[in-house]
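One structure is given below, encoded as structure tokens.
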2 protein chains.
Amino acid sequence: MADFTPLFDYIEKKSSVTLSDDERGLIMNKLKPKKLRKRQFFLQEGDVCKYMGFIIKGATRMFSVDERGHEHILHFGMEDWWVGDYESFHLLTPSKYYVEALEDTEMLLITSEQLNDMVRSIRAIAEMLESLGRGAAIANNKRMHAAISLTAEERYEDLAKTYPYFFNRFPQNMIASYLGISPETLSRIRKMALKA
Amino acid sequence: MADFTPLFDYIEKKSSVTLSDDERGLIMNKLKPKKLRKRQFFLQEGDVCKYMGFIIKGATRMFSVDERGHEHILHFGMEDWWVGDYESFHLLTPSKYYVEALEDTEMLLITSEQLNDMVRSIRAIAEMLESLGRGAAIANNKRMHAAISLTAEERYEDLAKTYPYFFNRFPQNMIASYLGISPETLSRIRKMALKA
DNA sequence: CCGGAACCTTGATATTTGTCAAGAAAAGGT
DNA sequence: ACCTTTTCTTGACAAATATCAAGGTTCCGG
């Protein structure tokens, strides 16, 4: 039996609405548990992202691979985050991304139709989505602003402040990829930062 | 008397819901027309962004200024776009950005409370916001992906495909700022592109 | 606990992009 | 149409970052 507690807590926190027992039951019927082993893929390039996943435990990365074979990490995922290619999920277009488990991961999956059902029937879900959308818009703006206005070093420092726990959890070469710089450059930046 | 037609059309298109005459009247009461002359500021750094503006006619840019005095354009705005600092608008925090008219501009302004009222009373508005949020999330992901994975030249080509009309409307140095590169680099990239 | 894989660092060098400065071209106001 | 301001281009040079290669760690599975 999967543990839905983190999801219930998350919905109530994001929506500031309490879930009834009926609603909890409904949610448990709609979301389907899924386990991924480390290195297993949740989504592969070219596939349609049929599910969004809520992470109960574990971590993921979403990345693309360019013509030269280089990987570019667009998002990490961890406990209490939703993962998946939002564009593909909503438009049903083939994804340009991979989503891969970085640790053994437990998720709860939902399809687009099921999500729409729940938005209609459960007020807390609708409000959670609004809140999620707002937060994402604000976070995206910040990250985009950093990308166009900061140097690699400043982006590193910004990330270290915003998501310090990334550094305990993800290998440095992936953090470099997330920042849009090479692993070597990140290594050198960190050496500088120690002295300063 | 301000012309609300573009806004009505926009709401109906985004929501796929038809507005009643009552709803149109309500909208006309809530949104307040505002004209900006070229170079006039809609928002200045340090101020709270009390209004979001829907552009009827004209164009704007939203930008920050760093310690070295360099400007970084995060967003352009033009007809049928909403402009303002979303973070400041929702959290009522001082903005880090300026929003400036690049042409004589006519907008319709709305406050956070008025928007909330309308979301509750007019279904089309709620759906428009959902659609807007979805579209913004998708566009943000694309732009962020471009920022971490493409070279300056590739980002230029991508922009030329996605928003070709930017080049007719905005000076090249601003487009460079939007791309996160120097005006000189953009000039050189364009020269290369002609030959290739 | 051993061996391989993944990860990190460092150096040398190449490439990309930024900076500064000057002049040319274009745009805008009166 | 003229003058001023803004914008664009070009060149020389500097700085930032990527690439390639090698060696040293650390981590993990058997």
Side-chain angles (χ1 to χ4, degrees), chain A residues 37-40 58-59 61 63 65-73 76 100-105 146-160 166-196, chain B residues 37-40 58-59 61 63 65-73 76 100-105 146-160 166-196:
Chain A
R37 305 273 303 279
K38 183 172 177 171
R39 313 231 155 196
Q40 198 177 344
R61 63 175 179 147
F63 65 98
V65 179
D66 67 23
E67 324 76 47
R68 284 180 302 177
H70 289 191
E71 300 178 355
H72 304 281
I73 297 181
F76 287 113
E100 180 196 24
L102 297 175
E103 309 168 0
D104 290 350
T105 298
I148 64 169
S149 64
L150 303 184
T151 64
E153 182 172 355
E154 291 167 329
R155 293 206 302 283
Y156 161 73
E157 281 159 9
D158 187 47
L159 184 68
F166 277 17
F167 295 84
N168 308 326
R169 197 147 186 190
F170 305 124
Q172 200 167 302
N173 67 62
M174 292 192 187
I175 289 177
S177 172
Y178 180 85
L179 287 170
I181 63 183
S182 70
E184 293 93 338
T185 295
L186 181 53
S187 177
R188 291 190 246 260
I189 285 173
R190 298 191 78 215
K191 192 164 65 161
M192 292 302 152
L194 288 182
K195 297 178 187 166
Chain B
R37 305 274 301 279
K38 182 172 177 171
R39 314 228 156 200
Q40 198 177 346
R61 62 175 179 146
F63 65 100
V65 179
D66 66 24
E67 323 76 47
R68 286 181 300 177
H70 289 191
E71 299 177 355
H72 304 282
I73 297 181
F76 288 112
E100 180 195 24
L102 297 175
E103 309 168 0
D104 290 350
T105 299
I148 63 169
S149 64
L150 303 184
T151 65
E153 182 171 355
E154 291 167 327
R155 293 205 303 282
Y156 162 74
E157 282 159 9
D158 187 46
L159 185 67
F166 277 16
F167 294 84
N168 309 326
R169 197 146 187 190
F170 306 123
Q172 200 168 302
N173 66 64
M174 292 192 187
I175 289 177
S177 173
Y178 180 85
L179 288 170
I181 62 182
S182 70
E184 293 92 338
T185 295
L186 180 53
S187 177
R188 288 177 179 118
I189 284 173
R190 298 191 77 213
K191 192 164 66 162
M192 293 300 151
L194 288 181
K195 297 178 187 165

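Proteins come first, then strands; the chains are lettered A, B, ... in the order of their sequence lines, and each starts at number 1.
Considering only side-chain N and O atoms, B:Ser182 lies under 4.0 angstrom from the phosphate OP1 or OP2 of C:dG18. Contact check, A:Ser187 against C:dC8: no side-chain N or O comes under 4.0 Å of OP1 or OP2. Applying the 4.0 Å criterion to OP1 and OP2 of C:dC8, one finds that A:Arg190 has every side-chain N and O outside that range. When the side-chain nitrogen and oxygen atoms of A:Asn173 are compared with OP1 and OP2 of C:dC8, one or more of them lie within a distance under 4.0 Å. Applying the 4.0 Å criterion to OP1 and OP2 of D:dT10, one finds that B:Lys191 has a side-chain N or O inside that range. Taking only side-chain nitrogens and oxygens, A:Gln172 comes nearer than 4.0 Å to OP1 or OP2 of C:dT9.
Atom-to-atom, CD of B:Glu71 to P of D:dT6 comes out at 12 Å; the value is rounded to the nearest Å. Separating the CZ atom of A:Arg61 from the C1' atom of C:dA6 is a distance of 12 Å, rounded to the nearest angstrom. The CG-C1' distance, from B:Leu150 to D:dA18, rounds to 16 Å in whole Å. Rounded to an integer number of Å, the gap from CG of A:Leu102 to P of C:dA6 is 14 Å. The separation between B:Glu153 atom CD and C:dT17 atom P is 8 Å, rounded to whole Å. If you measure from atom CD1 of B:Ile189 to atom C1' of D:dC8, you get 15 Å, rounded to the nearest angstrom. As a whole-Å value, the separation of A:Ile148 CD1 from C:dT17 P is 16 Å. Taking atom CG of B:Leu186 as the reference point, atom P of D:dC8 lies 9 Å away to the nearest angstrom.
Taking only side-chain atoms of B:Met174, from C-beta outward, the nucleotide of D:dT17, C:dG18, D:dT7 with the closest atom is D:dT7. The side chain of A:Arg39 sits closest to C:dC7 out of D:dT17, C:dT17, C:dC7.
Taking the six-membered ring where tryptophan is involved, the planes of B:Phe170 and B:Phe76 are essentially parallel, since the angle between them stays under 30° and well short of 60°.
Contact check for A:Arg155 versus A:Leu159: no side-chain heavy atoms found under the 4.5 Å cut-off.
A residue-by-residue look at B:Arg188 and B:Lys38 shows that B:Arg188 has its nearest nucleotide of DNA chain C further toward the 5' end. Each of B:Thr185 and A:Thr185 was assigned the nucleotide of DNA chain D with the nearest heavy atom; the assignment lying further toward the 5' end belongs to B:Thr185.
Taking only distance into account, the side chain of A:Glu184 meets the base of D:dC20 through a donor-acceptor pair shorter than 3.5 Å.
Considering B:Leu179, B:Leu150, B:Ile181 as possible partners of B:Tyr156, the one that fulfils the side chain to side chain contact (heavy atoms under 4.5 Å, CB included) test is B:Leu179. Among the candidates B:Arg61, B:Arg169, B:Arg39, the single residue satisfying the salt bridge (Lys or Arg N to Asp or Glu O under 4.0 Å) test with B:Glu103 is B:Arg169.
B:Asp104 contributes atom CG, which lies 6.0 Å from atom CZ of B:Arg37 (distance to the nearest 0.5 angstrom).
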